[in-house]
> 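This structure is in structure tokens; I'll ask about it shortly.
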Amino acid sequence: MDNIVVVRGTASNGIAEEISAILNVPMIGAEYHILADGESYVRIPEKVSGKIVILVQSTYPPQDKHLIELFLLMDAIKSYNPKKIILIVPYLAYLRQNKRFKEGEPISADIMLKMIKNAGADALVTIEPHRPESLVVFGGKSMIADPLPAYVAAVPKGLKKAVVLSPDNGGLQRAERFAKLLGTPFTSIDKERDKTTGKIYIKSESTFDFKNRDVIIIDDVISTGGTVAQAAKFVKSEGANKVLVIAAHLIMVGNCGKKIKNAGVSSITGLNTVPSKGTRVVDASRILTESIEGILRLNEY
Ligand code: R5P
């Protein structure tokens with residue numbers, strides 16, 4: 001481990017410190033300020049030549065700023081000629097646009113992953129990248145840290161007839177895996193988003209009987225809150241008891257929190273991949289470190 005160093009980027013939200021402590025390796029904080037014209041300045045103040053560098057840089061809002069800073073940090077690290085760079089991006093933005101939903105759109109997920117590869121990352125670790133298969137575009141070694149076991153302790157004890165619900169069919173596997181950990185049934189709702197207005201519609205409603213059940217809605221990202229709010233309203237209208245929400249990345253823009261609360265949700269749990277907006281926060285540092293350890297065990301490291 002004496003050849004390893006953690007670099008804290010400009011958007012780590014405390015995760016770099018934790019990873020450095022768990023691995024028992026030193027941490028260097030990147031120097032950072034905003035120039036008079038709004039551009040970002042970064043500098044790595046200590047040499048990392050010949051070292052395995054673990055760079056921690058999330059890309060929560062302002063996403064574009066944090067992405068640019070990620071690329072600046074990568075170049076600054078590379079200037080020292082490190083042995084390897086393991087890039088930890090707890091929340092990787094733009095991954096939900098993983099196909100051309102409308103003619104003329106970019107595949108943003110592919111662009112992000114190609115840019116990260118081109119920036120010189122040897123390995124990439126992230127959490128809930130919307131569709132795991134998107135990471136193939138990165139080309140190098142990538143690992144997805146699984147947050148589901150870490151959520152279990154955040155689920156309150158004594159729930160009544162609990163059921164895990166994915167607010168759309170795309171998340172059914174996640175709901176199934178989480179339900180297995182909790183020993184509950186699971187189901188999903190068939191949701192559609194209007195591609196122009198962004199409004200969420202429930203296409204065909206679940207035939208599951210939610211009456212008098214406590215419902216745990218699980219998703220990867222909460223952005224506007226429209227998806228989980230619609231799901232919560234639906235299960236409440238079907239007679240559900242308590243409704244809890246768990247999602248990895250709580251972006252939660254504008255009045256999102258109010259929207260979700262008004263839909264009848266009693267608690268929102270999320271990871272610290274984004275500065276906290278939830279009522280319960282689960283630390284992602286340990287699961288990220290486990291993925292890092294998996295990479296460090298590879299022959300070339
Ligand atoms: C969509 O497929 C995702 O899994 C999330 O459900 C979605 O991105 C959440 O967005 P919002 O909070 O804006 O509805």
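All residue numbers in this chain count up from 1 along the given sequence. All ligand and atom numbering here is 1-based and tracks the order in the structure. The analysis underlying the following values was restricted to heavy atoms, covering all of them including side chains, and did not include hydrogens, waters or symmetry mates.
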> Please check if any side-chain donor atom of S12 sits under 3.5 Å from a side-chain acceptor atom of Q57, or the reverse.
no

> Is there a donor in the side chain of N241 and an acceptor in the side chain of D214, or the other way round, less than 3.5 Å apart?
yes

> Do you know which two heavy atoms are closest between A16 and V6, and how far apart they sit?
O-CG1, 3.8 Å

> Out of all atoms in ligand 1, which are within 4.0 Å of some heavy atom of G226? Include the element for each.
12 (O), 14 (O)

> How far is atom 8 (O) of ligand 1 from its nearest protein heavy atom, and which residue and atom name does that atom have?
R96 NH1, 2.7 Å

> Would P167 count as a contact residue for ligand 1, given that I'm defining contact as a non-hydrogen atom of the residue lying under 4.0 Å from a ligand atom?
no

> Among all protein non-hydrogen atoms, which one is nearest to atom 7 (C) of ligand 1, and what is the separation to 0.1 Å?
R193 NH2, 3.7 Å

> Yes or no on salt bridge (charged side-chain N to carboxylate O under 4.0 Å, His left out) for R174 and E128, after CA distance, side-chain angles and deciding distance?
CA-CA 10 Å; R174 179 185 303 110; E128 287 281 29; 2.8 Å; yes

> Just grab all the side-chain hydrogen bond (donor to acceptor under 3.5 Å, both in side chains) pairs involving residues 292-301, residues at least two apart or on different chains.
none

> Restricting to non-hydrogen atoms, name the atom on A121 and the atom on M74 that form the minimum distance, rounded to 0.1 Å.
N-CE, 3.3 Å

> May I ask you to list the atoms of ligand 1 that are less than 4.0 angstrom from any heavy atom of D168?
1 (C), 2 (O), 4 (O), 6 (O)

> Against ligand 1, does H130 come closer than 4.0 Å with any heavy atom?
yes

> With a heavy-atom distance limit of 4.0 Å, tell me whether D220 approaches ligand 1 through its side chain, its backbone, both, or neither.
side chain

> Students should be able to answer this: which protein heavy-atom is nearest to atom 6 (O) of ligand 1, and at what distance?
D219 OD2, 2.5 Å

> Could you identify the single nearest non-hydrogen protein atom to atom 14 (O) of ligand 1 and state the distance to 0.1 Å?
T227 OG1, 2.5 Å

> Can you list every side-chain hydrogen bond (donor to acceptor under 3.5 Å, both in side chains) pair that touches residues 135-152, not counting sequence neighbours?
D146-R177

> Quick one: nearest non-hydrogen protein atom to atom 9 (C) of ligand 1, plus distance?
V221 O, 3.3 Å

> What is the nearest protein non-hydrogen atom to atom 13 (O) of ligand 1, stated with its residue, atom name and distance?
T224 OG1, 2.6 Å

> For K78 and A119, indicate whether the former's side chain and the latter's backbone hold a donor-acceptor pair under 3.5 Å.
yes

